[in-house]
Amino acid sequence: MTAAVPDREFGAQTVGPAGEGPRPPVDDTARPPAGGAPRPSAAPQAAEVARTALDWVYDHLPCFALPEDVLAPDVLVDRTWKPLGELAQLGDGIGRHTTSGPARRRASELLEFAWGQTRRGSLLLEQLRAEPMSTYPLEIYAAFRSAGFRHPAFEELARTLARTRSWAHTEQDPTRRLGILNAEHRTGLPLHAPPLTALHRTWLGSLPEPWMFERSAGYALTHVVFHLTDWGNAPHRMPPRLARYLHHWLPAWLDSCLEEELWDLAGELLAVAAGLPTPVPARTVEPAWARLAAAQDAAGGLCEVGPSRRGDTVEPGFAHCYHSTLVAAYAATLTTARLYGVPPVSLTATVLPGPETAPPGDAPCPSASRPRPPAPPRRTDRTPWTPRSSTASACGPWSGCTSTGRDSAWSRTPTPRRASSTASNPSAKSP
C-alpha cells in the first residue's frame, strides 16, 4: 500500500478572529471546534437528516451506476459521471467527519461501490486519454484519491497533462479554476497557478454587497468555500476576513433560500456554515435544519426546489432530488461533527417500497424499489484515511488571503467529440 500524499503546501497555522493570535498547527482533517462550550445531550435535527438522507442514497445506489457505454461520444457527463463523482465526494466527506460506527461503515460502502463502477480507476484513465483537454476526470478522481484509492497510471497521465501550456491556460471562470487547483492538490499534483489569483477574482473574494446575493451567486460562493477548505477538511485555509463576512451575512441568505424553498442551495449554505474555521452557532442553524427535515419526503429524499413531498405517494424522479439529497447528507454530517462533536445517530438501511414512476422526461431508477445489490467485497489495496501532515508553512500558496449558477466541477472543455448540457456552461451543477 502507498501512504497518502502529505499536505506539503497547505497550512500549518491558522489565524483566529480579530484580536486573537495564531492557533496551534492543524492538519487537513477537520475537527470539532475547541473550547468549553457545552454540548447537547442528544443528537440534533441535523443527525436525523443525515440518517434519512443516507438511507435514501443507499436505497438508490443502482441509479448511480455507470452505463455500459459510458465512454461513448454521445453519453452526457452530467447524467453519468457527475452523479457518481458526487457520490464519491459524499463518501469521502462522511469518512473524514466520523470516527467509527455505522456512518463510517456506510461511507466505506459508498466509496467501494463508486470505485467499482470506475473499474478501479481504469475507466477514468480511458476517459482522460480520450479527452485530454477535459478536467472533470481529474476532479472525479480527486475524491477517490482523497479517500485513499489510487490508480498510478491515471496519476502519471494527469501529471503529464497538468504540465502542458493548454492545461494552465484553458479559459475558465475563477471559481472553476479554484476547484481544479484543489483537485490537483488532492491528487498530489503541482498546482498550475496560484490559488489566491483565482480567489481574488471570485464573487465572494470581492466581499460583495450582500444585497446583490441571488441564486447563481449563492452557488458560486458555496463552491468557493468548498474548494478553498477542501470540502470542509481544511477550514483553517479560509481567510479570516472572508470567514467574518460569511458569519455576518450567511444567516440572512439562508433565511431567504428557505423562504423561497430552494432546498439544494440552502443545504449548501448549511455546509458552508459548518465548514468555517468557527462554525455558525447552533442556535442560528437549528431552525434551518428543522425546515430542511420537514421538506424531505417519506423516504428521506429532498427535491432541489419546491414544497415538501412528504405526503406524496409517488417518489420524485432521481434527477430532481439526488443532488440535493447528497448535499443534505453531507451538510448534516459536517454540522453534526463540527457543532456537536458526535457522529450521526445509527444509520438504518431500510428498503422503502414505491412505484417505479417518474415525472415526464425523467427516466425512473431501474432498481429504486428492488432489493439493493450485495455490497462489493472489501478491498485490501487502498490507502486508509490518513491525516495529512501539518508540517507545511502557513497555508502554503493559500496564505495571505484577503479576500453564475452552480459552479460545475464536471463541465468539460468544449470539444466536438461529445455533446453535454454542461459542456461549456460555468453555471452547471456540481456536488
Side-chain angles (χ1 to χ4, degrees), residues 44-50 52-53 56 175 202-204 206-226 232 242-276 278-312 315-317 319-336 338-340 359 404-407 427-431:
Q45 182 71 65
E48 178 66 12
V49 173
T52 54
W56 186 95
T175 303
T202 64
W203 186 82
L204 178 61
S206 70
L207 299 182
E209 296 81 2
W211 56 86
M212 298 296 284
F213 176 90
E214 42 80 38
R215 188 173 180 178
S216 62
Y219 280 117
L221 83 86
T222 59
H223 282 77
V224 167
V225 175
F226 295 157
L242 286 189
R244 291 193 295 269
Y245 176 85
L246 289 170
H247 262 278
H248 194 76
W249 293 112
L250 186 145
W253 296 335
L254 178 59
D255 285 345
S256 176
C257 291
L258 293 171
E259 183 178 346
E260 297 295 325
E261 298 180 331
L262 302 176
W263 310 118
D264 187 70
L265 182 52
E268 293 199 4
L269 289 172
L270 284 168
V272 168
L276 296 176
T278 301
V280 175
R283 64 178 180 275
T284 301
V285 299
E286 281 176 348
W289 279 113
R291 292 281 304 274
L292 212 67
Q296 288 180 291
D297 61 33
L302 181 69
C303 283
E304 292 192 1
V305 298
S308 170
R309 294 175 177 264
R310 185 170 294 274
D312 290 2
E315 187 175 343
H320 292 278
C321 58
Y322 89 85
H323 183 273
S324 43
T325 306
L326 292 176
V327 167
Y330 162 69
T333 301
L334 186 60
T335 298
T336 306
R338 297 212 67 222
L339 274 183
Y340 303 95
T404 154
R406 198 185 314 163
D407 166 58
S427 303
K429 299 177 181 179
S430 85

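Quick note: residue numbers are just sequence positions, from 1.
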J.: How close do Val327 and Gly267 get, counting heavy atoms only, and between which atoms?
T.: CG1-C, 3.4 Å

J.: Quick check: do Trp263 and Arg291 have side-chain heavy atoms less than 4.5 Å from each other?
T.: yes

J.: Atom CG in Leu334, atom CG in Leu270: separation rounded to 0.5 Å?
T.: 10.0 Å

J.: Could you tell me whether the side chain of Arg338 and the main chain of Leu276 form a donor-acceptor pair under 3.5 Å?
T.: yes

J.: Kindly write out the residues that satisfy side chain to side chain contact (heavy atoms under 4.5 Å, CB included) with Glu209, not counting sequence neighbours, or none if the list is empty.
T.: Trp211, Met212

J.: Return yes if some donor-acceptor pair links the side-chain N/O of Thr325 with the main-chain N/O of Leu302 below 3.5 Å, else return no.
T.: yes

J.: List in chain and number order the residues that pass side chain to side chain contact (heavy atoms under 4.5 Å, CB included) with Pro210, two or more places apart in sequence or in another chain; answer none if no residue qualifies.
T.: Tyr245, Trp249, Trp253

J.: Sequence neighbours left out, what passes side chain to side chain contact (heavy atoms under 4.5 Å, CB included) with Glu260? Give chain and number order.
T.: Leu262

J.: Which heavy atom in Tyr219 sits nearest to a heavy atom in Leu265, and how many Å separate them?
T.: OH-N, 3.5 Å

J.: Could you pull out the closest heavy-atom pair between Glu304 and Ser324, with the gap in Å?
T.: N-OG, 3.3 Å

J.: Taking all atoms of both residues into account, what is the closest heavy-atom pair of Thr333 and Ala50, and its distance?
T.: OG1-CB, 4.0 Å

J.: Where is the tightest heavy-atom contact between Thr336 and Ala47, given as atom of each residue plus distance?
T.: OG1-N, 3.6 Å

J.: For Leu254 and Ala266, which heavy atoms make the closest approach, and how far apart are they?
T.: CD1-O, 3.7 Å

J.: Once rounded to the nearest 0.5 Å, what's the spacing between atom CG of Leu204 and atom OG1 of Thr175?
T.: 8.5 Å

J.: In Å and rounded to the nearest 0.5 Å, what is the CG to CD distance from Leu221 to Glu268?
T.: 9.0 Å

J.: For Leu269 and Thr222, what are the C-alpha separation, side-chain angles and deciding distance, and is it a side chain to side chain contact (heavy atoms under 4.5 Å, CB included)?
T.: CA-CA 6 Å; Leu269 289 172; Thr222 59; 3.8 Å; yes

J.: State, with a plain yes or no, whether a side-chain heavy atom of Leu242 is found less than 4.5 Å away from one of Leu207.
T.: yes

J.: Does a side-chain heavy-atom distance below 4.5 Å link Trp289 with Glu48?
T.: no

J.: Could you tell me if the side chain of Thr278 sits less than 4.5 Å from the side chain of His247, heavy atoms only?
T.: yes

J.: Atom CD in Gln296, atom SG in Cys321: separation rounded to 0.5 Å?
T.: 11.0 Å

